[in-house]
Amino acid sequence: MAEIKVLFATSEVAPLIKTGGLADVSGALPAALRAIKVDVRVLVPGYPQVMAKLGPHEAVASFDDLPGYPPCRLIFSIMENGVPLLVLDCPLLYQRTGGPYSDPTGHDWPDNPLRFGLLSKVAAVLGSSESPLMWRPDLVHCNDWQTGLAGVYLSVAPGAVPNVITIHNLAFQGNYRPTKVQKLHLPPESFSVNGIELYGNMSFLKAGLYYAYHITTVSPTYAREIQHEPLGFGLQGLLHSRSRDVTGILNGIETDEWDPETDKHLAAHYSVARMAGKADNKRALQQRMGLQEDPGIPLLGVVSRLTHQKGLDLLLEIAPKLMELPVQLVILGSGEPAMQHAAYHLVESYPGKIAAMIGFDEGLSHQIEAGADIFIMPSRFEPCGLNQFYSQRYGTPPIVNNTGGLADSVVDCNPDTLKDGTASGFILPSMTTDGLFDTIKRAIEVYRDEKKWKSLRKNCMSKDFSWETSARAYRKVYLKVLGRPE
Ligand code: ADP
Ligand code: GLC
């Protein structure tokens with residue numbers, strides 16, 4: 001099998017730094033690719049969270065004169081899962097208190113164009129004959145807007161290798177005023193409609209899509225949706241015109257990390273054959289979150305960014321009506337202040353029935369997947385989504401909207417799908433409060449039917465969500481771009 005060398009450039013990688021699913025993918029896909037003989041190395045900025053968690057490491061290169069950028073260096077380390085890591089150490093840009101994209105008050109860092117321009121620039125240098133490293137990739141794999149400029153820099157770099165880009169979320173584009181073009185030393189001719197210009201601004205993501213040899217996104221349905229309004233978010237024309245270069249590859253999940261038989265965050269372990277532990281997790285979750293301890297009441301769970309995309313405003317709106325049913329609700333999330341307040345308000349109004357934790361808590365996210373009975377994920381759009389995979393694996397059937405990766409990974413429960421053993425959750429008939437309310441009621445009816453619920457849970461837990469199939473699909477894309485036979 002031919003070996004391919006790939007530089008995987010990303011702005012987050014689990015377990016070092018995570019705000020969402022991109023980190024999960026960057027933490028797992030490279031390892032799965034390495035298992036099928038693709039030599040992947042991950043390039044990530046040296047945020048404090050990353051620097052603090054690095055194992056043994058050494059500086060392997062420094063860049064003192066990248067036009068427009070402060071000096072920086074590359075640190076080599078190996079992640080716990082064996083994946084080689086290149087950390088882009090630039091204290092001036094990355095060593096600060098806050099998140100990868102925003103300050104502690106939630107405002108975007110004003111110099112994000114520079115911060116992610118540098119990430120893109122270094123990815124491009126490493127993919128050119130100017131690389132100071134012995135290891136040269138055959139291809140640069142970019143992810144989302146933060147690495148979108150790599151293709152532009154590669155387009156003018158000597159001895160440049162091709163690049164592909166994966167869209168994890170088209171709603172985030174990195175659009176900035178055109179004055180940045182000069183500051184980032186991009187080729188002036190790139191600022192055109194056939195280039196990085198988008199409605200008068202410069203767009204990191206548009207650049208990424210325009211200059212990539214191939215574009216992938218994280219589910220087949222989303223690959224189709226983004227070629228049209230409204231989910232193209234202004235880039236549908238470009239994506240449609242490049243239709244033949246757009247491939248949807250469904251994400252997998254880290255099956256060791258997310259395994260109810262071994263999960264270190266759980267009160268008790270369980271499996272399809274031995275389900276008793278799930279009830280223990282429900283009790284532990286009710287205790288931890290101050291909910292009434294009741295094994296029989298259906299417990300709805302949410303783990304999510306609290307943003308318009310995730311559709312949880314609908315759930316918060318119908319919560320008072322839901323509370324007329326025998327049902328409990330637990331929410332873990334953070335995001336838009338209005339939604340956070342609404343969640344807290346509900347907790348105050350329905351103590352013991354609704355619980356919420358506003359913040360980011362890895363352990364609790366596992367405990368909700370395991371302890372809840374039904375998982376709620378009514379996203380307005382969802383490129384792939386990971387929680388619906390986790391919840392299925394934990395025997396907690398999800399309620400999802402019919403979009404993107406949710407549509408590709410959940411089979412609606414009805415008499416036919418229950419009979420043929422494919423049912424694995426519930427799909428909303430419409431993205432409305434009524435649609436969500438009726439679907440929750442429908443799910444509770446099935447929950448009350450022990451036999452049906454048992455077979456639904458069994459279907460969920462028997463599904464294969466490992467990364468292997470996806471990794472093979474990425475390898476195929478790499479080979480195509482490199483013009484090599486499979
Ligand atoms: P997105 O990347 O759009 O936020 P995904 O479903 O792909 O959505 O991935 C979200 C990831 O982040 C999952 O691993 C989920 O468990 C995790 N997550 C989201 N919010 C929280 C939170 N508040 N605490 C812990 N984990 C969270
Ligand atoms: C994005 C998307 C999410 C996807 C994740 C990983 O954050 O919103 O749907 O699962 O990226 O690809």
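Here the structure is a predicted model, which is why all the values come from computation and not from measurement. These values consider heavy atoms only, across backbone and side chains, with no hydrogens, waters or symmetry-generated copies. Atoms within a ligand are numbered from 1 in the order they appear, just like the ligands themselves.
The option with the heavy atom closest to atom 3 (C) of ligand 2, from among K310, E382, Q309, is E382.
What sits closest to atom 4 (C) of ligand 2 on the protein, heavy atoms only, is G385 N, 3.6 Å. Looking only at heavy atoms of the protein, atom 2 (C) of ligand 2 is closest to H168 O, 3.0 Å.
A donor-acceptor pair under 3.5 Å is formed between the side chain of K278 and the backbone N or O of A372. At least one donor-acceptor pair under 3.5 Å links the side chain of T396 to the backbone N or O of E369.
Listed by chain and residue number, the protein contacts of ligand 1 are K18, G20, G21, D24, V303, S304, R305, K310, L332, G333, G359, F360, D361, S365, M377, E382, G385, L386, N387, Y390 (heavy atom within 4.0 angstrom).
A salt bridge is defined here as a Lys NZ or Arg NE, NH1 or NH2 lying under 4.0 Å from an Asp or Glu carboxylate O, and R442 with D412 meets this definition. A salt bridge links D361 with R288: at least one charged nitrogen is closer than 4.0 Å to a carboxylate oxygen.
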Checklist entry - Should D294 and K353 be marked as a salt bridge (Lys or Arg N to Asp or Glu O under 4.0 Å) after you check the CA-CA gap, both sets of side-chain angles, and the distance that decides it? => result CA-CA 10 Å; D294 179 347; K353 292 198 79 183; over 6 Å; no
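Listed by number with element, the atoms of ligand 2 under 4.0 Å from a non-hydrogen atom of N251 are 6 (C), 10 (O), 12 (O). Close contacts between ligand 2 and G21 involve ligand atoms 5 (C), 6 (C) [criterion: under 4.0 Å to a heavy atom].
Between the side chains of Q309 and E382, at least one donor N or O lies within less than 3.5 Å of an accepting N or O.
For A28, the side-chain contact (heavy atoms from CB on, under 4.5 Å) partners are E254, W467, not counting sequence neighbours.
The N/O atoms of V218, backbone and side chain alike, include none that comes under 3.5 Å of an N/O atom in ligand 2. Here's the thing with V25: none of its N/O atoms is less than 3.5 angstrom from an N/O atom of ligand 2.
Here the straight-line distance linking atom CZ of R224 with atom CG of D408 works out to 6.5 Å at 0.5 Å rounding. For the atom pair CD of E80 and NZ of K53, the computed distance is 10.5 Å after rounding to the nearest 0.5 Å. Distance CD1/I215 to OG1/T247: 9.0 Å, rounded to 0.5 Å.
Not a single heavy atom of G405 sits less than 4.0 Å from an atom of ligand 2.
With a 4.0 Å heavy-atom cut-off, ligand 2 is reached by no atom of D24.
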